Number of protein chains: 2
Amino acid sequence: MRISELVERTGVPLATLKFYLREGLLPAGEATSATRAEYGEAHVRRIAVIRALTETVGLSVQKAREVLALIDRPEDDLFATLGRAIAALPPDVTPKSTQDHPRARAVLEKLGQVYDPGFVAVAQLEQALAAAESAGIPLDDARLAVYGPHIRAIAEFDVDSIPREATAAVEYAVLGTAVHEPVLIALRRLAHQDVAARRLGKKGPDPRASKRPPARGASSGRSRPKES
Amino acid sequence: MRISELVERTGVPLATLKFYLREGLLPAGEATSATRAEYGEAHVRRIAVIRALTETVGLSVQKAREVLALIDRPEDDLFATLGRAIAALPPDVTPKSTQDHPRARAVLEKLGQVYDPGFVAVAQLEQALAAAESAGIPLDDARLAVYGPHIRAIAEFDVDSIPREATAAVEYAVLGTAVHEPVLIALRRLAHQDVAARRLGKKGPDPRASKRPPARGASSGRSRPKES
DNA sequence: GGGGTTGGATACTCATGGTATCCAATGGTA
DNA sequence: TACCATTGGATACCATGAGTATCCAACCCC
């Protein structure tokens, strides 16, 4: 298909597609002449991934390019590739990687995970812990004892669901890590609202008591208050 | 203390503090004369929160101001305030709020939570689900069955740990929601790496052996769920 | 064979998030 | 009391990022 059809199919403006082409996010179509190139379904999909990465995951064009490059030319080592992908994900961490990450180390030790300062995610965790601390809400042991196992269970499912085949595995792992984060965050926010509504005696026709009803399939509440 | 001391204490440049003052993120000090104002510990803390919100949580100055305003002048309704805070958190969602959110609705129904299109977080979830889908990794039932309960358990702990006292509750809830998100994300990334190392035979930047037994609740690695 | 796409290059715009200058009033110190 | 560095406040400036818009010349298809 021609580029104008890509515009129609994806809803992305022509100028923006040209920008993605320029920036190397979107591979060029197959040139059929000096002024014509042929694009395929792969381009449509790629554009959707670009938008997902930039708009929803919140990556800069630069970071999105790095992630896409990992998918396009996966290193043989899934583990290292995953590490590189994580380095491209927010929050950006200042490359003082040589330094010690005391909070992260303490947390990882409590979780029984290896502390390796070479992991970018360790620096990200350190930064997040420091931020929580300076906001006056440090991650105490009780909270960690809750967060740790639940997050680990999620991560185990994630890793188990990675396909075996090497190329697919990289793409699945990299995109899955990035793209499910906003889902988890949104689920937590909604759960907060749902739990808060039930616990804190919500106004409205839901005078349910403080005990949590079965989480799955147990609908029956309705009409939760809306914010603004 | 004078502003120069704030600079020392926080490490934030004077020009930047003036910028925060201008933008209304940081309240003015108590003026003692036309060219002198007194700042206190509260200002030091506020600056730390501003940095946490902008650098780690990734809020724009505009959004950070909204969140801080909620903390400074909490509405009487914790629930509504929390909703407003969530609306300031990324990802930014296009305000087509009237519209239907089919994916989010389906997910919430499966979780037994109420679907209320008025929640900003519902639109955020819809966007995240759509992004996952277009990246080729939709949230299938099996994954939801894992994510849902674990996230809910986390959310229940979060809500239970909100202090009773009204003013403190708002600050705690708002900052806690925002500031623990990067922690959870970092924990998941590290858990991915840890689980992957154990499952797939580790070869990271650190050749240290993985001597720990298969961690909690682990089923050994099969793979292949992928149903995209 | 001519008008409407293209590809490719270049230039421009807009919003953010700071920085830097300038100024005039201080006010602590000598 | 003189004086100069420090403030607050206002305004101007700058760098980056993410597109947008324009041009142009080569095409293609009708």
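Just so we're on the same page: letters track the sequence lines, and every chain starts at 1. Predicted, not measured: the structure shown is a model, and the values here were computed from it. Scope of the values below: all heavy atoms of this structure, side chains included, with no hydrogens, waters or symmetry mates.
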Peer 1: Using a cut-off of strictly less than 4.0 Å, decide whether B/Tyr20 has a side-chain nitrogen or oxygen near OP1 or OP2 of C/dT19.
Peer 2: no

Peer 1: Distance check needed: D/dT7 C1' versus B/His43 NE2, whole Å only.
Peer 2: 15 Å

Peer 1: Nearest to the side chain of B/Thr16, heavy atoms from C-beta on, is which of C/dT19, D/dG19, C/dA25?
Peer 2: C/dT19

Peer 1: For C/dG27, take OP1 and OP2 only and decide whether either is under 4.0 Å from a side-chain N or O of B/Ser33.
Peer 2: yes

Peer 1: Does B/Glu41 form a salt bridge (charged side-chain N to carboxylate O under 4.0 Å, His left out) with B/Arg9? I'd like the steps, not just the answer.
Peer 2: CA-CA 10 Å; B/Glu41 288 305 314; B/Arg9 291 276 302 274; 2.8 Å; yes

Peer 1: Take the protein atom CD of A/Glu55 and the nucleotide atom P of D/dG17, then report the distance between them rounded to whole Å.
Peer 2: 18 Å

Peer 1: Check if the side chain of A/Arg22 and the base of D/dT20 share a donor-acceptor pair of N or O atoms closer than 3.5 Å.
Peer 2: yes

Peer 1: Would you say A/Tyr39 reaches C/dG7's phosphate, i.e. side-chain N/O to OP1/OP2 under 4.0 Å?
Peer 2: yes

Peer 1: What's the CG-P distance between A/Leu17 and D/dA18, to the nearest Å?
Peer 2: 16 Å

Peer 1: Expressed in angstrom and rounded to an integer, what is the separation of A/Arg51 atom CZ from D/dA18 atom P?
Peer 2: 12 Å

Peer 1: May I have the distance from A/Met1 (atom CE) to C/dT5 (atom C1'), rounded to whole angstrom?
Peer 2: 17 Å

Peer 1: Picking from D/dT20, C/dT5, C/dA25, which would you name as closest to the side chain of A/Arg2?
Peer 2: C/dT5

Peer 1: Any side-chain to backbone donor/acceptor pair from B/Glu126 onto B/Ala104? Under 3.5 Å, distance only.
Peer 2: yes

Peer 1: Nearest heavy atom decides the nucleotide; on that basis, is A/Ala31 or B/Thr54 closer to the 5' end of DNA chain C?
Peer 2: A/Ala31

Peer 1: In whole Å, what is the span from the CD atom of B/Glu5 to the P atom of D/dG8?
Peer 2: 12 Å

Peer 1: Of the nucleotides C/dT26, C/dT6, C/dT19, which one has an atom closest to the side chain of A/Arg36?
Peer 2: C/dT6

Peer 1: Base, sugar-phosphate alone, or nothing: which one does A/Ala15 contact when heavy atoms must sit under 4.0 Å apart?
Peer 2: base

Peer 1: Using whole Å, report how far NZ of A/Lys18 lies from C1' of C/dG7.
Peer 2: 6 Å

Peer 1: Given the rule in the salt bridge (charged side-chain N to carboxylate O under 4.0 Å, His left out) test, do A/Glu156 and A/Arg152 qualify, once you have shown the distances and angles that lead to the verdict?
Peer 2: CA-CA 6 Å; A/Glu156 283 176 358; A/Arg152 185 169 186 99; 3.2 Å; yes

Peer 1: Look at the side chain of A/Arg65 and the backbone N and O of A/Glu23, then say whether any donor-acceptor pair between them is shorter than 3.5 Å.
Peer 2: yes

Peer 1: What's the closest nucleotide to the A/Pro13 side chain, out of D/dT20, C/dA25, C/dT6?
Peer 2: D/dT20

Peer 1: Could you check B/Arg189 against A/Glu181 for salt bridge (charged side-chain N to carboxylate O under 4.0 Å, His left out), going step by step and ending with a plain yes or no?
Peer 2: CA-CA 10 Å; B/Arg189 291 178 190 168; A/Glu181 287 177 0; 2.7 Å; yes

Peer 1: Looking across every strand, which nucleic acid part, if any, lies under 4.0 Å from B/Ala37 by heavy atom: base, sugar-phosphate, or nothing?
Peer 2: sugar-phosphate

Peer 1: Whole Å only: how far is the CG atom of B/Leu14 from the P atom of D/dG9?
Peer 2: 12 Å

Peer 1: If you check every side-chain atom of A/Phe19, which of C/dT6, D/dG19, C/dG18 has the closest atom?
Peer 2: D/dG19

Peer 1: Side-chain N or O of B/Ser4 less than 4.0 angstrom from OP1 or OP2 on D/dT7?
Peer 2: yes

Peer 1: Does any donor atom in the side chain of A/Arg143 or B/Ser161 lie under 3.5 Å from an acceptor atom in the other side chain?
Peer 2: yes

